[in-house]
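Chain letters run A, B, ... following the sequence lines, proteins first, then strands; residues in each count from 1.
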Amino acid sequence: KAGVTQTPRYLIKTRGQQVTLSCSPISGHRSVSWYQQTPGQGLQFLFEYFSETQRNKGNFPGRFSGRQFSNSRSEMNVSTLELGDSALYLCASSLEDRGYEQYFGPGTRLTVT
Amino acid sequence: AQSVAQPEDQVNVAEGNPLTVKCTYSVSGNPYLFWYVQYPNRGLQFLLKYITGDNLVKGSYGFEAEFNKSQTSFHLKKPSALVSDSALYFCAVRRWFSGGYNKLIFGAGTRLAVHP
């Protein structure tokens, strides 16, 4: 089976712009979670989608949003980018009947200048 | 409240020696515990999990972890370290909230450096 894929792998944006990141989960996985990883804050949970519905949400401002499509692919969007949004954004998918372990994609490295 | 703690920012060990990366948790009920490893510029890779059963869990790449309920710990171990084990290791716990939803909460990570 193919693993979790994320596109693009690298992105450079300017403050004030918006960005959309994409994640394709492992085939058959219906749960997709997003995380932000920074050296200072570590791994922070953004949100989780299951069957096209946002099930959980972390403590991030409304500029961060996401969605999930009927094929379980997910996108996250960040509007009005700030310098502090520079991070590695990780997507993970899981099968809930397998003990909840998550499988991560390689991440998208976002740099905001 | 912090759900999972990794007390060491970095662990240094000589190649061939045993290694331990520590993790303690603080969730109520029976915890679902996980270890992940992250190599530079990569996503996290699942190593092993404890849900129930034997306290000693075996995982990928020769790693194992010991669940200790009385000490609320889930330390990662390997009998003989390799230089290629050098990476960032994350402990995580699945935590349930009121309303039935749950999420995976990660520790801050421990950098393992294995020296030749």
**Prompt:** Does Leu56(B) CG have over 12 foreign heavy atoms under 6.0 Å away?
**Reply:** yes
**Prompt:** Quick one: do Leu104(B) and Leu46(A) end up in the same hydrophobic cluster if we chain Ile, Leu, Val, Met, Phe, Trp and Tyr together by side-chain heavy atoms under 4.5 Å apart?
**Reply:** no
**Request:** To the nearest 0.5 Å, tell me how far Leu88(B) CG sits from Gln37(A) CD.
**Result:** 7.0 Å
**Message:** Please report the interatomic distance OH(Tyr36(B)) to OH(Tyr103(A)), rounded to the nearest 0.5 Å.
**Reply:** 7.5 Å
**Item:** Best-contacting candidate, Leu90(A), Asn56(A), Leu88(A), against chain B by heavy atom pairs under 4.5 angstrom
**Value:** Asn56(A)
**Prompt:** Mind checking whether Phe104(A) and Leu11(A) sit in one hydrophobic cluster, side chains of I, L, V, M, F, W, Y counted as touching below 4.5 Å?
**Reply:** no
**Prompt:** Is it the side chain or the backbone of Gln44(A) that comes within 4.5 Å of chain B heavy atoms, both, or neither?
**Reply:** neither
**Request:** For the residue pair Lys103(B) and Phe47(A), establish whether any side-chain heavy-atom pair is separated by less than 4.5 Å.
**Result:** no
**Hydrophobic cluster identity match, Leu76(B) and Leu82(B), side-chain contacts under 4.5 Å** = no
**Asked** Is the centre of the Tyr35(A) ring less than 6.0 Å from the centre of the Phe106(B) ring?
**Response** yes
**Item:** Leu83(A) with Phe60(A), same ILVMFWY side-chain cluster at under 4.5 Å
**Value:** yes
**Prompt:** Do the non-hydrogen side-chain atoms of Ile105(B) and Phe45(A) ever get within less than 4.5 Å of each other?
**Reply:** no
**Asked** Would a hydrophobic clustering, with Ile, Leu, Val, Met, Phe, Trp and Tyr connected at side-chain separations under 4.5 Å, put Tyr89(B) with Tyr50(B)?
**Response** yes
**Message:** Could you tell me if the side chain of Arg94(B) sits less than 4.5 Å from the side chain of Gln102(A), heavy atoms only?
**Reply:** yes
**CZ (Arg15(A)) with more than 12 external heavy atoms under 6.0 Å** = no
**Message:** Report which part of Gln45(B) has an atom under 4.5 Å of a heavy atom belonging to chain A: side chain, backbone, both, or neither.
**Reply:** neither
